[in-house]
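Before any comments, here is the structure.
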Protein chains: 2
Amino acid sequence: MFQTSNALRRSVHSQVTDRVGSSIVRGEIGVGETLPPEMQICEMMAVSRTVVREAIRTLTGKGLIESRPKSGTRVRPPEQWNQLDPDVLRWHLESAEIDRYLAKLFQLRSAVEPAAAALAATHAHEDDIARIRAGCDGMDAAQTNEAFVAADIMFHQAIYFATRNEFFWPIAQMFEITLRQSFTIAATGSHRPRALIEHRAVLDAIVAGDAEAARAATVVLLAHSADDLVRIRGREFETPSPRDARKR
Amino acid sequence: MFQTSNALRRSVHSQVTDRVGSSIVRGEIGVGETLPPEMQICEMMAVSRTVVREAIRTLTGKGLIESRPKSGTRVRPPEQWNQLDPDVLRWHLESAEIDRYLAKLFQLRSAVEPAAAALAATHAHEDDIARIRAGCDGMDAAQTNEAFVAADIMFHQAIYFATRNEFFWPIAQMFEITLRQSFTIAATGSHRPRALIEHRAVLDAIVAGDAEAARAATVVLLAHSADDLVRIRGREFETPSPRDARKR
DNA sequence: TTGTCATAATGTATGACAAAAGCAATACGG
DNA sequence: CCGTATTGCTTTTGTCATACATTATGACAA
């Protein structure tokens with residue numbers, strides 16, 4: 001009845017995966033270091049070795065660790081982690097300052113989303129366009145803030161799927177996990193009318209099959225989103241990023 | 001002594017992971033369908049249930065499947081796969097027509113790499129620049145074709161790492177797996193001098209901290225790479241992509 | 001320095017039981 | 001008589017325990 005937030009109820013090995021993965025991402029173990037032997041983890045968490053091993057396999061599959069007989073299980077450098085993996089993302093967001101990660105995510109969006117919209121304009125199928133339109137309509141009809149954000153997310157995801165290029169899809173996945181909060185904050189009240197117009201501009205360009213128009217409309221959309229984020233969250237979202245970050 | 005290419009010698013569960021993962025990506029199982037019960041897979045591949053379960057955990061972690069007691073283990077829709085995962089990528093390349101995937105990868109690069117270079121110009125640290133320069137120098141000094149390609153890959157990877165934005169890193173990882181062959185083909189003989197100049201232009205812009213110049217230089221670099229790919233592999237690499245792919 | 005060996009860690013196999021979920025048969029009510 | 005709810009069976013995944021294989025490390029000795 002009481003299941004801790006939503007962590008209990010799930011299988012034991014995913015709980016162990018969460019705890020170990022989280023502590024790695026959090027940096028508690030440090031790159032190149034080895035985590036405790038399996039048996040020791042078993043004792044620490046009071047689970048069987050089966051469970052621990054399956055958790056380790058999951059983390060290995062995400063690129064976080066690699067293990068060898070005798071030498072143990074070591075943390076791999078973060079360049080080799082599947083940083084776009086939903087779980088890895090979640091562990092990041094749990095640990096670090098949210099704003100830093102939202103800013104970085106926004107850098108990625110700024111790079112990819114205009115091109116994605118352009119590809120969508122030339123490659124989208126009927127059902128892709130239907131999904132994008134559903135996003136627009138949902139934003140239009142939304143009564144609650146939450147419904148508005150959900151429709152907004154659907155809209156942006158649908159654009160990535162409409163590229164018909166699977167390498168763009170993992171980026172769409174991030175929205176589910178990462179953007180809900182930032183969108184929720186940025187979607188309050190007065191911005192909506194303009195946002196709606198700009199979203200529909202992207203839709204229209206895609207429907208018209210005009211790649212360059214879609215790209216341009218998306219650039220506008222993102223620029224205004226950045227404005228909102230700067231206003232609400234702080235100057236970390238300014239573009240381009242501060243030069244003084246550089247060390248020479 | 002003889003180990004089949006490089007497949008033998010590896011652990012049993014990664015072999016099982018490969019076989020199952022490959023057959024899923026290949027589409028032999030079909031979205032929403034269930035794979036055979038664990039025990040049956042054990043018999044088919046003559047391994048213990050431990051091994052099969054660990055393989056399943058790995059694939060679950062990559063988003064390919066999800067399993068429930070009694071109802072079995074089902075294939076999830078490809079939108080939810082970690083398409084940028086090195087293994088998933090490899091399974092794709094094993095199965096499908098290489099050219100289609102190289103073309104799609106190139107679409108992603110075209111979207112991301114100019115922005116990545118721009119970010120690198122403002123965010124790169126000393127060691128990042130050293131790596132990029134090492135790539136240039138390596139291309140310069142390369143005697144063999146293979147060495148040239150390796151340096152080329154290092155150059156492009158280093159740019160993604162230099163963004164200091166971990167969300168760009170998984171894209172760099174793809175190069176290792178995907179680009180070796182395409183680069184090898186495109187790097188023959190006469191293209192090298194021009195390629196070298198263009199690479200160094202990107203490096204110089206990044207060193208100068210000039211984001212816009214870095215973006216522009218990368219666009220040029222990619223455009224010429226596309227030319228080479230079109231010439232050698234076929235018109236699939238043309239930009240923008242064919243309109244008639246659209247169904248309305 | 002080199003070779004060998006003990007050892008500690010992961011890798012694999014097996015068997016047993018728990019828990020969940022689909023399915024069918026059954027019982028109940030309309 | 002038909003439809004619905006309930007109950008119980010059974011299949012499949014989830015977890016545990018134990019034993020043994022394999023491998024690489026590090027110490028020791030030649």
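If you're wondering where the values come from, they're calculated on a predicted model, not measured in any experiment. So that the names make sense, note that chain A is the first sequence line, chain B the second, and so on, each numbered from 1.
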Sorted by number, the residues of residues 22-51 of chain B with heavy-atom contact under 4.0 Å to DNA chain D: Pro37(B), Glu38(B), Arg49(B)
Positions of residues 56-72 of chain B (non-hydrogen atom under 4.0 Å from DNA chain D), listed by number: Arg57(B), Ser67(B), Arg68(B), Pro69(B), Lys70(B), Gly72(B)
Residue-phosphate contact under 4.0 Å: His13(B) side-chain N/O, dT12(C) OP1/OP2: yes
For Asn165(A), the option from Gln83(B), Gln107(B), Lys104(B) that meets side chain to side chain donor-acceptor pair (under 3.5 Å): Gln107(B)
Non-neighbouring partners of Glu33(A) that pass side chain to side chain donor-acceptor pair (under 3.5 Å), sequence neighbours left out: none
Residue list, side chain to side chain donor-acceptor pair (under 3.5 Å) with Ser14(A), at least two apart or on another chain: Ser11(A)
Length of the CZ-P vector between Arg10(B) and dT12(C), whole Å: 11 Å
Interatomic distance where CD belongs to Gln15(A) and P belongs to dG14(D) [whole Å]: 14 Å
For [X], what residues pass the ring pair (Phe, Tyr, Trp, His ring centres under 6.0 Å) criterion, not counting sequence neighbours?
X         : result
Phe167(B) : none
Phe168(A) : none
Phe155(A) : His199(A)

Stems formed with participation of DNA chain D [Watson-Crick or G-U wobble, under 3.5 Å, three or more pairs]: C:1-8 with D:23-30, C:10-30 with D:1-21
Show me, pair by pair, the donor-acceptor contacts under 3.5 angstrom made by side chains of residues 34-42 of chain B, not counting sequence neighbours?
residue: Glu38(B); atom: OE1; partner: Arg49(B); partner atom: NE; Å: 2.7
residue: Glu38(B); atom: OE1; partner: Arg49(B); partner atom: NH2; Å: 3.0
residue: Glu38(B); atom: OE2; partner: Arg53(B); partner atom: NH1; Å: 2.8

Contacts of Asp128(B) that satisfy salt bridge (Lys or Arg N to Asp or Glu O under 4.0 Å) - sequence neighbours left out: Arg164(B)
Salt bridge (charged side-chain N to carboxylate O under 4.0 Å, His left out) pairs, two or more places apart, involving residues 132-151 of chain A: Asp137(A)-Arg200(A), Asp140(A)-Arg200(A)
Salt bridge (charged side-chain N to carboxylate O under 4.0 Å, His left out) partners of residues 73-84 of chain A, not counting sequence neighbours, each pair once: none
